[in-house]
Every structure is written in structure tokens, then in C-alpha cells.
Amino acid sequence: MSRLQVVSGKGGTGKTTVAAALALALATEGKRTLLVEVEGRQGIAQLFETEALPYEERKIAVAPGGGEVYALAIDPELALLDYLQMFYKMGGAGRALKKLGAIDFATTIAPGLRDVLLTGKACEAVRRKDKAGRFVYDYVVMDAPPTGRITRFLNVNDEVAGLARIGPIHNQAQAVMRVLKSSETAVHLVTLLEEMPVQETADGIAELRSARLPVGRIIVNMVRPEVLDAADLELVRSVPRVAVAKSLSSAGLGGARRGGNAERLVDPLLTQADEYAERYALEHEQRAVLAELGLPVHELPLLAEGMDLAGLYELAGELREQGLT
């Protein structure tokens, strides 16, 4: 299992929820996981029902079996200050530059540098060891930018080529890429069983493969339960309306006379069945598209009660049962 798990997906697919559930699943049985946020949305804090995350690693959950989940919201300005101190011993001078606005200017004018800092911090956590020589974290899970930007975000070596061809920035980018393009990393894409998210997932996989970045798995989120199968739907289409009304009446849903309760229920029920049949066909078409991409596909259910902390643990259990850990 790769130690850096990157989770991306089209906006609205629930990639942050999946990343959080994956971090919990990986931490089961005494493991330690770091969940990293790079977009500044504080989505992780909301999911775990805790206060906004600072720029420091903080324990936010305990997984089944005693494992621990830590979280970190990476601030590119503060990451740059760390970088200046690490490579140039400019701790005090860096803070002075921040007050002058130079740090914000640097991370804004050079987006490639920003991505190096964000990915570099995550990769540093992957490589970090304690005094006994053991990895501090068993796994690092990154809630990454959306699919449309993920390849450029991860391919930091190309991004900094125009900034620095030699020196510490270049060396840092090279070190990051050695992790990102190795078996230590897996990039998972989250999608829904809908045409646009599936197409964006297919495009994202093609871009990642073209950049030689390691694609992991496809995670289909918010899958609705299958109420009727293909045989049931064919039966609904072929049964006469009168027979449906009689069945409803025999079930105690109104009299069989014309205009009775059972008769009035027939049209709404058949309309609902038609709508379900259309969605059923669409979802099966999208499953076929995903199957052609040649990656393991996992499905997570739509939680009827909505997403809360209990739901997050439920999804983590689903991921473990499906062998994602």
C-alpha cells in the first residue's frame, strides 16, 4: 500500500469526504495517518466537527483499534517561511518579508512555487522519521485540488522549470518528484455515476498517465441503492395499468373501482418507475465507461441521513471491507 494517498475528483463529488474516510480507514488497527488539506477551505475541520485547523499537525480522531488521525492545513505563506528557514536560515528575515507582503507576492506571482511548497510539505511528512528510525506516519492522505488541476499540481518539476534550473528550489522539486512518481504514491480519483464527473475522471486519468504519475483507484461516491433490477423494470413496462391497480388494491391501497385510491396511484408510480429506469440505464452506462479505464473501482453509498462524523466512520468501514487499505 502506497504511503502517500492523493485524493482528487471533480468539484461536488465529495473528494474531501472520501479523503477523510480513507485516512480513518488507514489508521485502523493502531496505525497513524496524517490527513493534509492544501486548498484552504477547512473542509476537514467541518467533517470532523472540530475547530479550524492551524498550520500544525493536530490529532483530530481515533480510529477503530486505537489508530490516530492527525490533520494539517498547509498554508503556502507559512510553508515558504519554513522553506526559507530550512535552506537559507532566514527565520527572522523571512518574518520581516511577510510583514512587507513579499511572501504573499511570491506565492501569488509564482504558482509553481506555491505547488512545490504544498506538495513538498506532504512529501516531507511521508519521509519523516523519529529518533528510532521509524516513520512518524504510516500513511499521509492528501485532499488534493480537483481533477482539472491535479496533474499540473503534482507535476511540480515542470512547474518550477522556468523559476529555477539549479539551486535549492530546483533540488526541492526534484526530491518531491522522486516521491510523487514512485510506488510510494497513489492518486485516487473520486467520481459520481453521472456523465460529466465520469468524463472528467477519464480525462484526469489520461493526463496523469501521460505525466507518468501513479494512478491508484476510482472511487464512486454517493451511490444510491438499487431498488429495481433490469428484470423488475422490464416487468413494470410490460404489466397493464389495470393489473397494477388491482395489485395496489389487493395490498390495501384503495378500492379497485375506477377513480379509487389505487387507480389514482398508478400514474405517479409508473412515472416514478420510468424515471428510475432512466437513471438505472445511465448509471450502468457510466459503470461500463469506468470499467474500460482499467483501474480498480470501489463504490461508496449515499448516506440517507446525510454526512456527519458517524457517517464518516461508516464510509471508512466500507473502504476497509472493499480492500482499499
Taking all heavy atoms of Thr33 and all of Ala23, pick out the closest pair and write down the distance. OG1-O, 3.5 Å
Separation of Lys181 NZ from Leu154 CG (nearest 0.5 Å): 10.0 Å
Could you tell me whether Glu37 and Arg41 have a side-chain N and a carboxylate O separated by less than 4.0 Å? no
For Leu302, what are the other residues in its hydrophobic cluster, where any two members join if their side-chain heavy atoms are less than 4.5 angstrom apart? Leu192, Met222
Apply the test side-chain contact (heavy atoms from CB on, under 4.5 Å) to residues Thr28 and Thr325: give CA-CA distance (whole Å), side-chain angles for both, the deciding distance (0.1 Å), then the verdict. CA-CA 9 Å; Thr28 306; Thr325 60; over 6 Å; no
If you look at every heavy atom in Thr16 and Gly43, which pair is closest and at what distance? CG2-C, 4.1 Å
Hey, could you give me the CD/OG1 distance between Gln199 and Thr191, rounded to the nearest 0.5 Å? 10.0 Å
Among Thr17, Val69, Val36, Ile60, which one satisfies side-chain contact (heavy atoms from CB on, under 4.5 Å) with Ile44? Ile60
Work out which heavy atom in Gln42 is nearest to a heavy atom in Ala73; give both atom names and the distance. NE2-CB, 4.0 Å
Note, Pro301 side chain near Leu315 side chain (heavy atom, < 4.5 Å): yes
Within a strict 4.5 Å, meaning less than it, do heavy atoms of the Leu26 and Met1 side chains meet? yes
Which distance, rounded to the nearest 0.5 Å, do you find between the CD of Glu200 and the CD of Glu207? 9.0 Å
Can a side-chain donor-acceptor contact be found between Thr50 and Arg58 if the only test is distance below 3.5 angstrom? no
Between Tyr139 and Leu22, does the side-chain contact (heavy atoms from CB on, under 4.5 Å) criterion hold? Intermediate values first, please. CA-CA 10 Å; Tyr139 299 100; Leu22 179 59; over 6 Å; no
Are more than 12 heavy atoms, taken from residues, nucleotides or ligands other than Glu49, located less than 6.0 Å from that residue's CD atom? yes
Taking the side chain as everything from C-beta on, heavy atoms only, tell me whether Glu285 gets closer than 4.5 Å to Val198. no
Same cluster (ILVMFWY, side-chain, under 4.5 Å), Val190 and Val289: no
Go through the steps to decide whether Arg3 and Val140 satisfy the test side-chain contact (heavy atoms from CB on, under 4.5 Å), and finish with yes or no. CA-CA 6 Å; Arg3 297 189 58 251; Val140 176; 5.7 Å; no
How close do Arg127 and Ala175 get, counting heavy atoms only, and between which atoms? NH1-O, 3.6 Å
Decide if atom CD of Glu56 counts as having more than 12 heavy atoms of other residues, nucleotides or ligands within a radius under 6.0 Å. yes
Connected via hydrophobic side-chain network under 4.5 Å: Leu208 and Met177: yes
Shortest non-hydrogen separation from Tyr313 to Ala63 and the atoms involved: CE2-CA, 4.5 Å
When you group the ILVMFWY residues by side-chain heavy-atom contacts below 4.5 Å and let the links chain together, are Val141 and Tyr70 in the same group? no
Working to the nearest 0.5 angstrom, can you tell me the gap between Leu295 CG and Ile205 CD1? 5.0 Å
With a 4.5 Å cut-off on side-chain heavy-atom distances among I, L, V, M, F, W and Y, is there a chain of contacts connecting Val176 to Val126? yes
About how many Å separate CD of Glu124 and CZ of Arg128, when rounded to the nearest 0.5 Å? 4.0 Å
Following the transitive rule for hydrophobic clusters with a side-chain heavy-atom cut-off under 4.5 Å over Ile, Leu, Val, Met, Phe, Trp and Tyr, establish whether Leu35 and Val38 coincide in one cluster. no
Shortest non-hydrogen pair, Val18 vs Ile219, comes out as CG1-CD1, 3.6 Å
Is there a side-chain contact between Leu300 and Leu319, using heavy atoms and a 4.5 Å cut-off? yes
The residue among Arg287, Arg217, Arg224 that forms salt bridge (charged side-chain N to carboxylate O under 4.0 Å, His left out) with Glu299 is Arg287
Under 3.5 Å donor-acceptor pairs involving side-chain atoms of residues 130-138, not counting sequence neighbours:
from: Asp130; atom 1: OD1; to: Ala132; atom 2: N; distance (Å): 3.0
from: Asp130; atom 1: OD1; to: Gly133; atom 2: N; distance (Å): 3.1
from: Asp130; atom 1: OD1; to: Arg134; atom 2: N; distance (Å): 2.9
from: Asp130; atom 1: OD2; to: Arg134; atom 2: NE; distance (Å): 3.4
from: Tyr137; atom 1: OH; to: Glu57; atom 2: OE1; distance (Å): 2.6
from: Asp138; atom 1: OD2; to: Arg32; atom 2: N; distance (Å): 2.8

What's the separation between atom CE in Met142 and atom CG in Leu72, rounded to the nearest 0.5 Å? 10.0 Å
What's the verdict on side-chain contact (heavy atoms from CB on, under 4.5 Å) for Leu24 and Phe48, showing C-alpha distance, side-chain angles and the deciding distance? CA-CA 11 Å; Leu24 269 174; Phe48 284 94; 4.1 Å; yes
Donor-acceptor pairs are to be reported for all side-chain atoms of residues 5-15 against protein atoms at under 3.5 Å, with residues two or more places apart or in another chain.
from: Gln5; atom 1: OE1; to: His188; atom 2: NE2; distance (Å): 2.5
from: Gln5; atom 1: NE2; to: Ser2; atom 2: O; distance (Å): 2.6
from: Ser8; atom 1: OG; to: Pro145; atom 2: O; distance (Å): 2.7
from: Ser8; atom 1: OG; to: Thr147; atom 2: N; distance (Å): 3.2
from: Thr13; atom 1: OG1; to: Lys10; atom 2: O; distance (Å): 2.7
from: Lys15; atom 1: NZ; to: Glu39; atom 2: OE1; distance (Å): 2.9
from: Lys15; atom 1: NZ; to: Asp143; atom 2: OD1; distance (Å): 2.8
from: Lys15; atom 1: NZ; to: Ala144; atom 2: O; distance (Å): 2.6

